[in-house]
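Reading through the structure tokens given below for one structure.
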Amino acid sequence: MDSGACVGAGLCVLTAPEVFDQDPEDGIATAIDEDVPPELVPLAREARAVCPVEAIGLTDD
């Protein structure tokens with residue numbers, strides 16, 4: 001997660017709340033855990049696809 005690129009749209013949190021969290025003060029999203037459990041990888045990929053600024057990267061792709 002590139003928090004510097006995040007614009008706080010919150011789509012990742014809405015798509016994958018098990019993977020991402022959003023700071024209520026500035027709206028910047030962060031990964032809850034950089035090591036996404038295998039069963040949550042599909043959700044993380046979906047969140048990456050909807051991120052408007054492409055701030056989400058997955059290292060296994």
Side-chain angles (χ1 to χ4, degrees):
M1 182 79 195
D2 181 354
S3 295
C6 178
V7 296
L11 296 175
C12 59
V13 178
L14 292 172
T15 303
E18 302 91 339
V19 180
F20 299 99
D21 194 14
Q22 189 169 22
D23 186 309
E25 297 292 323
D26 61 14
I28 301 302
T30 56
I32 294 172
D33 185 345
E34 293 292 331
D35 294 322
V36 178
E39 66 273 15
L40 297 178
V41 168
L43 278 177
R45 286 185 177 134
E46 188 175 337
R48 179 183 60 188
V50 298
C51 178
V53 293
E54 300 179 356
I56 299 170
L58 296 172
T59 57
D60 66 336
D61 286 343

Interatomic spacing from CD in E46 to SG in C51 - rounded to 0.5 Å = 13.0 Å

Quick one: hydrophobic cluster around V53, which other residues, with the 4.5 Å side-chain cut-off, linked directly or via members?
-> V7

Looking only at heavy atoms, which two atoms of V19 and A44 are closest? And how far apart?
-> CG1-CB, 4.3 Å

Expected list for residues 31-40: side-chain donor-acceptor pairs under 3.5 angstrom, two or more places apart:
| unit_1 | atom_1 | unit_2 | atom_2 | d |
| --- | --- | --- | --- | --- |
| D33 | OD1 | D35 | N | 2.9 |

Value rounded to 0.5 Å, distance of CG in D23 from OG1 in T30 | 7.5 Å

Could you list who else is in I28's hydrophobic cluster, with ILVMFWY side chains joined at under 4.5 Å, directly or through other members?
-> none

Spell out, yes or no, whether F20 and L43 are grouped together once hydrophobic residues are joined by side-chain heavy atoms under 4.5 Å, including indirect joins.
-> yes

Going from SG on C6 to CD on Q22, what distance comes out if it is rounded to the nearest 0.5 angstrom?
-> 6.5 Å

